[in-house]
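Written below as structure tokens is the structure these notes are about.
Only a predicted model underlies this, so the values are computations on that prediction, with no experimental measurement involved. Below, read A as the first sequence line, B as the second, and so on, with proteins coming before strands; counting in each chain starts at 1.
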Amino acid sequence: MENIKAIRGFDDVFFEEAKKFRFITNTFRELFRIYNFEEIILPIVEYKELFDRSVGEITDIVQKEMFVFEDKSKRVLALRPEGTAGVVRSVIENGLLYKKPFLKLFYEGPMFRYERPQSGRKRQFHQIGCEVLGLEDPASDFEVIKLCFEAFKMLNIDITLEINSIGCPVCRPSYREALTSYLTNVEGLCKDCEERRFKNPLRVLDCKVETCKDLTKEAPVMLDYLCEDCSNHYKSLKTYLDTFNIPYKENPRLVRGLDYYTKTVFEFIKDGLTLLAGGRYDNLIESLGGPKTPAIGFAAGIERLMLFTEAKSEEPLYTVVYIEDTKLEAIKVANELRKNGKRVEIILKGSNLKKKLEIADKIGASFAIIIGPDELKKGIYILKNMFTKEQKEIKNLGDI
RNA sequence: GAGGAUGUAGCUCAGUUGGCAGAGCGAGGGAUUGUGGAUCCCUAUGUCGCGGGUUCGACCCCCGUCAUCCUCCCCA
């Protein structure tokens with residue numbers, strides 16, 4: 001019979017990888033705690049329409065990367081491709097914005113995009129992120145970026161922060177027009193850019209092809225077109241970043257793939273790969289039927305972070321090794337040590353002491369507590385250091 | 001959706017112009033029934049990704065398919 005295998009792009013995570021995963025999420029969770037965020041736990045399935053209306057109908061995420069299906073009553077549903085849409089839906093649906101002056105929420109969980117799997121990119125992947133709703137102050141942008149910056153420090157990942165402002169409905173149209181008319185007169189763009197030129201002109205500026213980069217060197221940049229409000233917002237953010245020594249690179253070509261962004265956008269990039277990205281979305285909540293509410297958030301790709309993360313070293317493992325007659329005593333020892341918070345394994349496999357020590361070694365023991373008939377008689381335990389081979393007799397397990 | 005590479009033991013990989021399937025690591029056992037990591041000895045690894053075709057004969061050649069990895073599009 002054919003063995004059942006996991007679905008393409010849906011990976012199992014175990015051992016070291018699982019530890020890394022948890023190290024990353026715990027790091028963010030700790031930061032969310034001290035920045036006073038609250039967790040929101042949301043469904044993985046939503047009406048497809050939610051993503052059409054938030055992420056944007058013309059984006060690739062919606063057009064070709066969503067897991068869409070009909071349920072038994074013919075509702076068109078989708079596995080969530082990102083987290084913000086669900087948060088906003090929930091906040092509106094539950095009237096959360098009326099319950100507090102502002103909201104700071106974080107989430108964590110699987111997201112789904114139907115793409116070709118490759119390094120740091122799976123069909124089921126995981127994001128951890130947050131949303132600040134109801135604050136328009138650029139200091140809130142700063143706080144969110146600062147939190148991310150701290151996270152990378154704690155994860156020991158050397159990273160580049162890039163920022164930009166992509167304006168708002170007041171100023172973006174005139175920029176878009178300027179850019180489009182500039183691009184119309186450019187010849188020799190790559191095949192992809194030929195399409196982007198109409199579909200999503202801002203993306204042309206982001207192209208990796210050298211000739212495209214050259215051809216768009218003189219292209220107008222958003223920063224020159226920002227309205228006063230957007231411009232001031234951007235300046236203030238930079239002032240905060242400078243004041244608190246957060247290094248960043250201004251990238252006037254930084255655009256984001258989702259439709260809902262306004263003003264501040266930012267990415268944390270490592271070796272050309274975006275590990276974390278976010279931005280402001282001051283109109284999304286209103287456009288989804290909620291009250292007009294400014295907001296900013298980010299999402300980090302956990303699998304991508306794992307590519308550059310070392311799991312933290314483990315706490316010592318104590319093993320209890322016994323002779324068949326003293327098995328009960330061994331279990332008692334384990335119970336006692338665990339009561340004291342130690343990580344303990346009883347070596348239940350292996351027929352003799354030699355074997356059991358070998359097994360203790362293989363599972364990575366730091367110590368072995370040896371308890372046999374002789375020790376039992378004398379009322380002692382042997383504590384063996386598995387690295388130095390040193391062993392000593394102890395009377396009380398509390399001394400360990 | 002497009003391009004490229006690769007699928008042989010648990011892992012890393014050899015393999016023959018087409019003629020019985022190999023190594024290392026790991027695993028299990030062992031003169032040592034109370035002391036592990038090194039060494040030594042023994043043992044088992046398997047539908048050669050799957051399906052078809054060519055052939056007396058296919059792991060090898062051909063077609064298809066699935067999967068993995070990488071790149072692009074796109075994105076965290």
Side-chain angles (χ1 to χ4, degrees), chain A residues 1-3 5-11 24 28 55-56 58-66 80-84 108-129 148 190-196 199-200 203 206-209 255-258 266-270 272-279 297-308 319 321-326 347 349-376 382-391:
Chain A
M1 194 170 63
E2 190 84 6
N3 283 337
K5 289 192 278 194
I7 305 164
R8 155 171 249 200
F10 289 68
D11 284 9
I24 291 164
F28 275 97
V55 175
I58 56 128
T59 59
D60 275 24
I61 290 182
V62 164
Q63 281 188 348
K64 53 180 220 187
E65 293 175 1
M66 270 210 291
R80 62 182 184 191
E82 59 103 46
T84 302
E108 175 205 325
M111 306 293 164
F112 304 84
R113 290 183 200 173
Y114 197 94
E115 300 182 273
R116 255 341 196 319
Q118 60 182 278
S119 175
R121 166 181 297 182
K122 305 293 170 204
R123 288 184 172 178
Q124 173 174 334
F125 62 106
H126 297 78
Q127 289 188 335
I128 186 160
C148 299
C190 73
K191 213 172 59 208
D192 290 325
C193 281
E194 283 295 333
E195 272 189 44
R196 287 196 272 243
K199 203 172 111 187
N200 195 349
R203 282 244 153 249
D206 211 25
C207 187
K208 287 167 196 145
V209 179
V255 294
R256 313 272 15 273
L258 285 57
F266 61 93
E267 294 193 3
F268 285 80
I269 299 169
K270 170 91 179 165
L273 199 62
T274 299
L275 306 189
L276 180 157
F298 75 82
I302 296 175
E303 283 80 359
R304 289 193 176 180
L305 290 164
M306 283 166 68
L307 257 22
F308 305 100
T319 53
V321 170
Y322 59 94
I323 312 300
E324 210 40 45
D325 300 346
T326 53
I347 305 300
K349 200 175 171 180
S351 52
N352 54 44
L353 190 63
K354 178 186 168 71
K355 206 79 218 174
K356 282 182 187 295
L357 279 166
E358 194 179 315
I359 289 166
D361 181 47
K362 278 179 183 163
I363 65 172
S366 308
F367 297 96
I369 290 97
I370 302 171
I371 172 77
D374 297 349
E375 289 74 20
L376 192 58
I382 294 173
L383 176 67
K384 173 168 187 151
N385 181 317
M386 293 296 278
F387 302 114
T388 64
K389 285 190 161 188
E390 224 175 306
Q391 47 185 62

Watson-Crick and G-U pairing of RNA chain B, under 3.5 Å, as dot-bracket with | and [ ]
(((((((..((((.....[..)))).((((.........)))).....(((((..]....))))))))))))....
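For a distance-only test at 3.5 Å, the side chain of A:R203 fails to qualify as a donor-acceptor partner of the base of B:C74. Not a single donor-acceptor pair, N or O on each side, falls under 3.5 Å between the base of B:G1 and the side chain of A:E115. With hydrogens and angles left out, the side chain of A:K356 and the base of B:G36 share no donor-acceptor pair within 3.5 Å. Between the base of B:U35 and the side chain of A:E358 there is no donor-acceptor pair shorter than 3.5 Å.
With respect to A:E358 and A:K362, a salt bridge is recorded, a charged nitrogen being found less than 4.0 Å from a carboxylate O.
Each of B:C74, B:C69, B:C70 was ranked by its minimum atom distance to the side chain of A:S119; first place goes to B:C70. Of the candidates B:C69, B:C74, B:C72, B:C69 carries the atom nearest the A:P117 side chain, counting heavy atoms from C-beta on. Checking B:G37, B:A76, B:G34 against the side-chain heavy atoms of A:K389 singles out B:G37 as nearest. Checking B:G34, B:A76, B:G36 against every side-chain atom of A:R256, the shortest atom distance belongs to B:A76. When distances are taken from the side chain of A:K362 to each of B:C74, B:A27, B:G34, the shortest belongs to B:A27. Between B:G37, B:U35, B:A76, one nucleotide has an atom nearer to the side chain of A:L353 than all others, and that is B:U35. Relative to the side chain of A:Q118, the nucleotides B:C72, B:G28, B:G34 differ in distance, and B:C72 lies closest. The side chain of A:I370 has B:U35 as its nearest neighbour among B:C74, B:G36, B:U35. Closest approach to the A:K122 side chain among B:A76, B:C69, B:C73 is made by B:C69 (side chain taken as heavy atoms from C-beta onward). Closest contact between the side chain of A:D60 and the listed nucleotides B:C74, B:C69, B:U35 involves B:C74.
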Taking only nitrogen or oxygen atoms into account, show me every contact under 3.5 Å that the protein makes with nucleotides 29-33 of chain B, one pair per line with its distance.
unit_1 : atom_1 : unit_2 : atom_2 : d
B:G29  : OP2    : A:K355 : NZ     : 3.4

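Rounded to a whole angstrom, the distance from the P atom of B:G64 to that of B:U47 is 26 Å. Atom C1' of B:A2 sits at a distance of 13 Å from the matching atom of B:C74, rounded to the whole Å. Remark: the separation of the P atoms in B:U33 and B:U45 is 29 Å, to the nearest Å.
One can place CZ of A:F308 at 12 Å from C1' of B:A76, the figure rounded to the nearest angstrom. Atom CD1 in A:I24 sits roughly 12 Å away from atom C1' in B:A76 (whole-Å rounding). The CG-P distance, from A:N385 to B:G36, rounds to 15 Å in whole Å. The distance between atom CZ of A:F125 and atom P of B:C74, rounded to the nearest whole Å, is 16 Å. Atom-to-atom, NZ of A:K64 to P of B:C74 comes out at 8 Å; the value is rounded to the nearest Å.
Partner of A:L273 under the side-chain contact (heavy atoms from CB on, under 4.5 Å) criterion, chosen from A:E267, A:R121, A:R304: A:R304.
Between the side chains of A:E108 and A:H126, no donor-acceptor pair of N or O atoms lies under 3.5 Å.
Across all strands, A:P81 comes closer than 4.0 Å to no nucleic acid atom at all (heavy-atom distances). Using a 4.0 Å heavy-atom criterion, one finds that A:G278 contacts no nucleic acid atom at all.
Listed for the A:R123 side chain is a donor-acceptor partner under 3.5 Å among the backbone atoms of A:E115. A:T326 places a side-chain N or O within 3.5 Å of a backbone atom of A:I371 that can act as its donor or acceptor partner. A donor-acceptor pair is defined here as one N or O able to donate and one able to accept, closer than 3.5 Å; no such pair exists between the side chain of A:K122 and the backbone of A:G9.
Rounding to the nearest 0.5 Å gives a distance of 12.0 Å between CD of A:E65 and CD of A:E82.
Listed pair A:R116 / B:C70 fails the phosphate criterion, with no side-chain N or O lying under 4.0 Å from OP1 or OP2.
Each of A:E82 and A:I371 was matched to the nucleotide of RNA chain B holding its nearest heavy atom; the match closer to the 5' end belongs to A:I371.
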